[in-house]
Amino acid sequence: MIAEAPFLFSIAALSASLAGLAGLVAALRRGTEMRGQDLYRLQQIVEFCFANILIALIVVPLAAYFGAIEPAVRIVAGLALVYDTLTIVLLRRRQRRVGLVRSRGWYVGATALNLLLIITAVTALLTGAVAPLEAMLIVLLARPMFAFVLVLQSFDRP
């Protein structure tokens, strides 16, 4: 087992907890009418969390396969960059379909998180170092948290 496994398992567990919390919010809102924006965000949270779980956990078998952490870090960082690109494209399409109104705060937060993700993933990809990979996983965890805050804020609005 690699030394980084406890951190990776913690990220996966936190992501699973966030996905469960999104499901709980959706269940509690069943009695009221859910707006498309809320459904979009809750679905986004669950998708982010499931991807985070896979991204964090795949490091362990890859490191075992290669017998070293460095190639696993590089592969996972590359996968995270591909995932981020696909996510941006798919979420933009879904936003248009739902008619989601994006605020300045949303743009600032989403842009900052995507830039941090790109920086940490590219650094991990180029260096093969664990620290930027761990930073990348924390940024990936921040994405559903940011979406969750937006859902909670929307509950205050009529």
For [X], which residues count as a side chain to side chain contact (heavy atoms under 4.5 Å, CB included) partner, sequence neighbours excluded?
{"X": "Ala51", "answer": "Tyr83"}
{"X": "Arg96", "answer": "Arg92, Arg93"}
{"X": "Ile138", "answer": "Phe7, Ile11"}
{"X": "Leu21", "answer": "Leu24, Phe148"}

Quick one: do [X] and [Y] end up in the same hydrophobic cluster if we chain Ile, Leu, Val, Met, Phe, Trp and Tyr together by side-chain heavy atoms under 4.5 Å apart?
{"X": "Tyr107", "Y": "Leu116", "answer": "yes"}
{"X": "Leu113", "Y": "Phe50", "answer": "yes"}
{"X": "Leu117", "Y": "Val89", "answer": "no"}
{"X": "Phe9", "Y": "Ile2", "answer": "yes"}
{"X": "Val139", "Y": "Leu81", "answer": "no"}

Which side-chain N or O atoms in residues 56-76 pair as donor and acceptor under 3.5 Å with protein atoms at least two apart or in another chain?
{"from": "Glu70", "atom 1": "OE2", "to": "Arg74", "atom 2": "NE", "distance (Å)": "3.4"}
{"from": "Glu70", "atom 1": "OE2", "to": "Arg74", "atom 2": "NH2", "distance (Å)": "3.0"}
{"from": "Arg74", "atom 1": "NH1", "to": "Leu125", "atom 2": "O", "distance (Å)": "2.8"}
{"from": "Arg74", "atom 1": "NH1", "to": "Leu126", "atom 2": "O", "distance (Å)": "2.9"}
{"from": "Arg74", "atom 1": "NH2", "to": "Thr127", "atom 2": "O", "distance (Å)": "3.4"}

> Between atom SG of Cys49 and atom CG of Leu141, what is the distance when rounded to the nearest 0.5 Å?
Replying inline: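 Separation between the atoms: 7.5 Å.
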> When rounded to the nearest 0.5 angstrom, what distance separates CG in Asn114 from CD1 in Ile119?
Replying inline: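 Here the interatomic distance stands at 11.0 Å.
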Please collect all salt bridge (charged side-chain N to carboxylate O under 4.0 Å, His left out) contacts where either partner lies in [range], sequence neighbours excluded, each pair once.
{"range": "residues 51-63", "result": "none"}
{"range": "residues 1-26", "result": "none"}
{"range": "residues 139-152", "result": "Asp84-Arg143"}

>> By the side-chain hydrogen bond (donor to acceptor under 3.5 Å, both in side chains) test, which pairs, at least two apart or in different chains, include something from residues 49-60?
In response: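 Applying side-chain hydrogen bond (donor to acceptor under 3.5 Å, both in side chains) to every pair that reaches into residues 49-60, excluding sequence neighbours, yields nothing.
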Closest heavy-atom pair and its distance - [X], [Y]:
{"X": "Met136", "Y": "Ala77", "answer": "SD-CA, 4.1 Å"}
{"X": "Ala110", "Y": "Phe146", "answer": "N-CE2, 3.7 Å"}
{"X": "Ile53", "Y": "Ala12", "answer": "CG1-O, 3.4 Å"}
{"X": "Pro144", "Y": "Ile45", "answer": "O-CG1, 3.8 Å"}

>> Assess the residue pair Leu14 and Leu18 against the criterion (side-chain contact (heavy atoms from CB on, under 4.5 Å)); give the C-alpha distance rounded to whole Å, side-chain angles, the decisive distance to 0.1 Å, and a yes or no.
In response: CA-CA 6 Å; Leu14 288 167; Leu18 276 172; 5.8 Å; no
>> Who clusters with Leu90? Use side-chain heavy atoms, under 4.5 angstrom, across I, L, V, M, F, W and Y, and order the result by chain and number.
In response: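 None, because no other hydrophobic side chain comes under 4.5 Å of this residue.
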> Got a sec, which hydrophobics cluster with Val108, joining ILVMFWY side chains under 4.5 Å apart, including via others?
Replying inline: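 Answer for Val108: none, a lone residue.
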> What residues form a side-chain hydrogen bond (donor to acceptor under 3.5 Å, both in side chains) with Glu47, not counting sequence neighbours?
Replying inline: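 For Glu47 the side-chain hydrogen bond (donor to acceptor under 3.5 Å, both in side chains) partners, ignoring immediate neighbours, are Gln43, Arg94.
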